[in-house]
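Below is one structure; the comments refer to it alone.
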Amino acid sequence: METPYPIPISPSRTRVGWIGIGVMGAAMAGHVLSAGYSLTVYARTPSKASSLVSRGAHLATSLQELAQSSDVAFTMVGNPQDVRQIVLEKNGLLSGLNPGAVIVDTTSSSPALAREIFSCCRAKGCWSVDAPVSGGDTGARDAKLAIFPAGDREVVQWLTPLFNLMGRATYMGEAGCGQACKIGNQIIVGANLLGLSEGFVFAEKAGLDVRKFMEAVRGGAAGSMAMEIWGDRVIGRDFRPGGFSEYMVKDLGMGVDVVEEEDDKRVAALPGAALSKQLYSAMVANGDGKLGSQALITVVERINGK
């Protein structure tokens with residue numbers, strides 16, 4: 001039974017599709033499945049879907065098959081090029097969607113692409129919402145993600161039951177504003193992680209116990225959510241990724257290397273973000289692009305001869 005927008009969302013009727021079942025996507029899709037929704041997943045490597053399939057998810061053999069069997073189709077993939085290919089290209093998601101269906105792109109992607117997808121969906125009688133997330137693997141696992149949905153306000157409101165399964169959603173405005181919010185989020189995260197990294201390297205060079213240093217300063221103005229999430233991981237050299245460092249290059253680049261925006265009023269000069277991007281690019285050049293974003297300290301250490 002098809003139950004697209006504006007028929008109210010419910011586990012017994014609403015069919016959910018999911019594309020992108022990596023560290024973040026698998027956890028988010030798992031919450032949808034646990035809530036009793038019918039879930040269809042698509043994976044280029046079907047074996048990656050085995051855990052969700054064992055819990056009752058259906059495995060689609062193509063994007064069109066997933067689209068035709070979904071009222072809401074989520075995407076959580078690597079970069080804007082992946083989003084464009086999956087959604088807009090021939091035999092992509094949009095080509096198989098039924099009228100009233102909604103695409104929800106949770107990838108950190110381009111605001112301009114989000115606006116393009118929204119226009120293409122409306123031309124076909126469908127809807128799209130750009131809803132990137134923040135919180136990393138821990139937030140995805142614990143359903144405590146910050147979600148930044150944008151697009152038609154009423155459609156975003158309609159999606160609330162699904163967003164509530166993953167975290168807390170804050171409506172950001174017209175199409176593209178969710179992606180712009182995520183870029184701004186990453187600019188702040190990059191700056192925080194750089195400060196955290198340099199503070200730890202300085203403390204060690206000064207002869208301090210780094211863990212005691214963190215405990216001493218975390219309750220004051222130097223404390224941050226970045227310190228709470230990543231401080232212990234950095235000290236323990238736990239660089240397992242919630243999000244790859246190479247994705248920080250992509251995210252910061254969308255703020256710094258603005259090439260898709262035709263409106264100059266949307267462009268800002270961001271010297272700090274440019275430095276953060278340069279340092280994350282150095283991580284990629286060092287072969288560390290698949291480490292977590294908290295591994296930025298390795299670049300600062302290399303600069304200091306460690």
Side-chain angles (χ1 to χ4, degrees), residues 4-6 9 14-32 35 37 39 41 66-67 70-80 82-84 86-88 93-94 97 100-122 126-137 139-186 189 242-243 247 250-251 254-255:
Y5 176 78
I9 286 176
T14 305
R15 305 168 304 164
V16 179
W18 203 287
I19 302 162
I21 47 176
V23 174
M24 298 281 291
M28 295 163 71
H31 294 312
V32 173
Y37 287 86
L39 181 71
V41 298
L66 182 141
S70 299
D71 303 307
V72 182
F74 285 84
T75 55
M76 170 56 96
V77 294
N79 54 61
D82 293 330
V83 175
R84 177 176 294 279
I86 287 168
V87 176
L88 296 180
L93 194 58
L94 184 56
L97 281 183
V102 181
I103 295 173
V104 183
D105 182 26
T106 63
T107 311
S108 297
S109 185
S110 156
L113 178 58
R115 293 191 291 270
E116 180 182 353
I117 290 172
F118 182 85
S119 296
C120 291
C121 284
R122 294 306 302 129
C126 304
W127 300 88
S128 75
V129 169
D130 51 298
V133 302
S134 179
D137 56 333
R141 184 185 64 240
D142 296 341
K144 293 183 178 179
L145 292 169
I147 309 169
F148 313 129
D152 183 89
R153 181 186 289 273
E154 292 184 1
V155 175
V156 171
Q157 183 65 34
W158 179 77
L159 289 164
T160 297
L162 293 173
F163 287 143
N164 285 345
L165 299 175
M166 306 170 205
R168 181 176 64 86
T170 302
Y171 177 66
M172 298 310 302
E174 65 182 15
C177 287
Q179 297 298 352
C181 181
K182 180 58 186 288
I183 292 169
N185 179 87
Q186 297 302 80
V189 169
Y247 289 169
K250 176 256 298 183
D251 293 346
M254 287 188 290

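The shown structure was predicted, so the numbers you read here are calculated from the model rather than taken from an experiment.
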Mind listing the closest non-hydrogen atom pair of G20 and V77 along with its distance? CA-CG1, 4.3 Å
Under 3.5 Å, is there a donor-acceptor pair between the side chain of T106 and the main chain of V133? no
Are side-chain heavy atoms of S110 and Q179 found at a separation under 4.5 Å? no
From CD1 (I9) to CG (L159), nearest 0.5 Å: 5.0 Å
F148: partners by ring pair (Phe, Tyr, Trp, His ring centres under 6.0 Å), with sequence neighbours left out: none
Shortest non-hydrogen separation from A175 to R115 and the atoms involved: O-CG, 3.2 Å
Is the shortest side-chain heavy-atom distance between R84 and I117 below 4.5 Å? no
Note: G178 and P132 closest approach over all heavy atoms is O-CG, 3.1 Å
Does a donor on one side chain and an acceptor on the other come within less than 3.5 Å for D71 and T14? no
Just so I know, are the side chains of N79 and S109 near enough to count as touching, which here means a heavy-atom distance under 4.5 Å? no
Using side-chain contact (heavy atoms from CB on, under 4.5 Å) as the criterion, list what pairs up with D152, not counting sequence neighbours. Y5, W127, E154, V155
Tell me every residue that passes side-chain contact (heavy atoms from CB on, under 4.5 Å) with D142, counting only those two or more places apart in sequence or in another chain. T138, K144
Sequence neighbours left out, what passes side chain to side chain donor-acceptor pair (under 3.5 Å) with D130? Give chain and number order. none
Hits for side chain to side chain donor-acceptor pair (under 3.5 Å) against N164, two or more places apart or cross-chain, chain-then-number order -> none
Report the distance from atom OG1 of T107 to atom CE of M76, rounding to the nearest 0.5 Å. 6.0 Å
Report yes if some heavy atom in the side chain of I19 is under 4.5 Å from a heavy atom in the side chain of V41; otherwise report no. no
If we only count heavy atoms from C-beta on, is the V129 to I103 side-chain gap below 4.5 Å? no
Answer whether the closest heavy-atom distance between the side chains of V87 and D105 falls below 4.5 Å. no
Can you check whether T160's main-chain N or O pairs, donor with acceptor, with W158's side chain at less than 3.5 Å? no
Is the ring pair F163/F74 parallel, tilted or perpendicular, if the boundaries are 30 and 60 degrees? perpendicular
Within the 4.5 Å heavy-atom criterion, are Q186 and Y247 side-chain neighbours or not? no
Could you report the tightest heavy-atom contact between S128 and A114, atom names first, then the distance? OG-O, 4.4 Å
Would a distance-only check, ignoring hydrogens and angles, find a side-chain to backbone donor-acceptor pair under 3.5 Å from R122 to C126? yes
Just wondering, do L113 and P111 contact through their side chains at under 4.5 Å, heavy atoms? no
Quick one: which residue pairs count as a side-chain hydrogen bond (donor to acceptor under 3.5 Å, both in side chains) with a foot in residues 165-175, not counting sequence neighbours? R168-T170
